Amino acid sequence: KMIILFDLDGTLIDSTEAILESFGVAFQTFDALVPDDEYIKAEIGHPLDVMFSSLGVEDAHVDAHVHAYKMHYRKISCAKTVLLPEAREAVELASKHAVLGVVTTKTAKYSIELLEHMGLMSYFDVLVGREDVEYPKPHPEPILKALSKLQSDTSKYWMIGDTPMDILAANAANISSVAVTCGYADEVLLLKHTDNVSKTALEAVKFITQFQQD
């Protein structure tokens, strides 16, 4: 059986509302002006500390902002996160052909809670989150860590993700990838990093299974 790894945000789930709301609370906690939604969305996929830095928070205050974000996010994440269209079907189809894992820059603890809430966690044999690695995507460490925990006699490894970071991490780990346009990056940007671009995770899984059969 091959191995298929999925990113979460923008690939299987849409937690934009929860993310934006939690950023708002974090900035308001410190009486700071909340950045425009578009600026925040452009940073999704990066670790939280990097996102806050990019959004103008001084280094000395980043950790406090991350903490404020997480305190709020954990209260609302399940209620304000939805599966993307065809995501459930994507995971179900993939599970028939492959061993599955999740590689996310989200905190693993919250990611597992979310996937359990959505009834999908049982399909995944491993989940690697931000606290499980020293270097997040685009570094290959999260992918290599996931692969090291998955038992498979195959050399057919795939990563499905919605940002250049997912594709760069896959390239660095020397595995195949498919980018999806249902998330936070547009097709033009994704095509700079991979020739394989699908609209949804389900399309990506179908592409992979077809590719491996040919």
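On a predicted model such as this, the values are computed, not experimentally measured, just so you know. Count residues from 1 along the sequence.
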Checklist entry - Among pairs that include at least one residue of residues 3-14, which meet side chain to side chain donor-acceptor pair (under 3.5 Å), considering only residues two or more places apart or in two chains? => result D7-T11, D7-K137, D9-S15, D9-K106, T11-D162, D14-T16

Next on the checklist: Do V102 and L115 make a side-chain contact, defined as non-hydrogen atoms from C-beta onward lying under 4.5 Å apart?
Outcome noted: yes

Item to check | Heavy-atom donor-acceptor pair, E141 side chain to Y135 backbone, under 3.5 Å | outcome: yes

Next on the checklist: So which atom in S77 and which in A18 form the shortest heavy-atom distance, rounded to 0.1 Å?
Outcome noted: CA-CB, 4.3 Å

Checklist entry - Taking a hydrophobic cluster as the set of Ile, Leu, Val, Met, Phe, Trp and Tyr residues connected by side-chain heavy atoms closer than 4.5 Å, whether directly or through intermediates, do V66 and M71 fall within one such cluster? => result no

Checklist entry - Given side chains that start at C-beta, do those of I160 and I4 come closer than 4.5 Å, heavy atoms only? => result yes

Checklist entry - Are L8 and I40 grouped together when hydrophobic residues (ILVMFWY) are joined by side-chain heavy atoms under 4.5 angstrom apart? => result yes

Checklist outcome for this item: Taking every heavy atom of A204 against every heavy atom of V180, the minimum-distance pair comes out as CB-CG1, 4.0 Å

Checklist entry - Any side-chain heavy atom of T107 within less than 4.5 Å of one from Y73? => result no

Item to check | Non-hydrogen atoms of H193 and N171 that approach each other most closely | outcome: O-ND2, 3.7 Å

Checklist entry - Going through the distances and angles, do V178 and V197 end up as a side-chain contact (heavy atoms from CB on, under 4.5 Å)? => result CA-CA 6 Å; V178 184; V197 178; over 6 Å; no

Next on the checklist: So, using side-chain contact (heavy atoms from CB on, under 4.5 Å) as the criterion, who are the partners of V25 when residues are at least two apart?
Outcome noted: T29, H72

Item to check | Counterpart residues, side-chain contact (heavy atoms from CB on, under 4.5 Å), relative to K206 (two or more places apart) | outcome: L93, L202

Item to check | Any donor-acceptor N/O pair, E43 side chain to S54 backbone, under 3.5 Å | outcome: no

Next on the checklist: If we ignore hydrogens and angles and just use 3.5 Å, is the side chain of N196 paired with the main-chain N or O of S177 as donor and acceptor?
Outcome noted: yes

Checklist entry - For the hydrophobic clusters of this structure (ILVMFWY residues joined by side-chain heavy atoms under 4.5 Å, transitively), does one cluster hold both M121 and V205? => result yes

Next on the checklist: What verdict does the side-chain contact (heavy atoms from CB on, under 4.5 Å) test give for E116 and I112, after you've listed the backbone C-alpha separation in whole Å, the side-chain angles of each residue and the deciding distance to 0.1 Å?
Outcome noted: CA-CA 6 Å; E116 280 172 349; I112 291 166; 3.7 Å; yes

Item to check | Candidate pair I208 and K156, rule side-chain contact (heavy atoms from CB on, under 4.5 Å), full reasoning | outcome: CA-CA 10 Å; I208 291 168; K156 299 182 179 118; over 6 Å; no

Item to check | Closest approach of A94 to L100 (non-hydrogen atoms, all atoms of both residues) | outcome: CB-CD2, 3.6 Å

Next on the checklist: For a 4.5 angstrom cut-off between non-hydrogen side-chain atoms, does H46 reach T105?
Outcome noted: no

Checklist entry - To the nearest 0.5 Å, what is the distance between CG (D37) and CD (E17)? => result 10.5 Å

Next on the checklist: So T181 and S198, do their side chains get closer than 4.5 Å, heavy atoms only?
Outcome noted: no

Checklist outcome for this item: Interatomic distance, NZ@K145 vs CG@L150, rounded to 0.5 Å, equals 12.5 Å

Checklist entry - How about F30 and H65: are their ring centroids closer than 6.0 Å? => result yes

Checklist entry - Does a sphere of radius 6.0 Å around CZ in F211 hold more than 12 heavy atoms from other residues, nucleotides or ligands, not counting ones at 6.0 Å or beyond? => result no

Checklist entry - Mind checking what makes salt bridge (charged side-chain N to carboxylate O under 4.0 Å, His left out) contact with K70, not counting sequence neighbours? => result none

Checklist entry - Just wondering, are more than 12 heavy atoms of other shown residues or ligands nearer than 6.0 Å to CD in E131? => result yes

Next on the checklist: Please give me the minimum heavy-atom distance between A87 and L12, naming the atom from each residue.
Outcome noted: CB-O, 3.2 Å

Item to check | Validation row: F207, W158 side chains within 4.5 angstrom (heavy atoms) | outcome: yes

Next on the checklist: Are the side chains of V91 and F124 in contact, using a 4.5 Å heavy-atom criterion?
Outcome noted: yes

Checklist entry - When rounded to the nearest 0.5 angstrom, what is the spacing between NE2 in H139 and CG in L168? => result 12.5 Å

Checklist entry - Which pair of non-hydrogen atoms, one from P136 and one from P47, has the smallest distance, and what is that distance? => result CG-CG, 3.4 Å

Checklist entry - Under the side-chain contact (heavy atoms from CB on, under 4.5 Å) criterion, do L120 and L83 qualify, and how do the steps go? => result CA-CA 10 Å; L120 285 180; L83 280 172; 3.6 Å; yes

Next on the checklist: Taking side chain to side chain donor-acceptor pair (under 3.5 Å) as the cut-off, I'd like each qualifying pair that reaches into residues 84-98, sequence neighbours left out, listed once.
Outcome noted: E86-T200

Checklist entry - Side-chain heavy atoms under 4.5 angstrom apart, residues restricted to Ile, Leu, Val, Met, Phe, Trp, Tyr: same cluster for I13 and Y110? => result yes

Checklist outcome for this item: Taken to the nearest 0.5 Å, the spacing of F52 CZ from F23 CZ works out to 4.5 Å

Next on the checklist: I'd like to know if the side chain of D186 and the backbone of L189 have a donor-acceptor N/O pair within less than 3.5 Å.
Outcome noted: yes

Item to check | Same apolar cluster: V133 and L5, side chain cutoff 4.5 Å | outcome: yes

Next on the checklist: With rounding to the nearest 0.5 angstrom, report the CG to CG distance, L55 to L33.
Outcome noted: 11.5 Å

Checklist outcome for this item: So CD of E21 and NZ of K80: to nearest 0.5 Å the spacing works out to 3.5 Å

Item to check | Atom CG of N174: over 12 foreign heavy atoms under 6.0 Å | outcome: no

Item to check | Heavy-atom check, side chain of L147 versus side chain of Y157, under 4.5 Å | outcome: yes

Item to check | Residues forming a salt bridge (charged side-chain N to carboxylate O under 4.0 Å, His left out) with K41, sequence neighbours excluded | outcome: E38

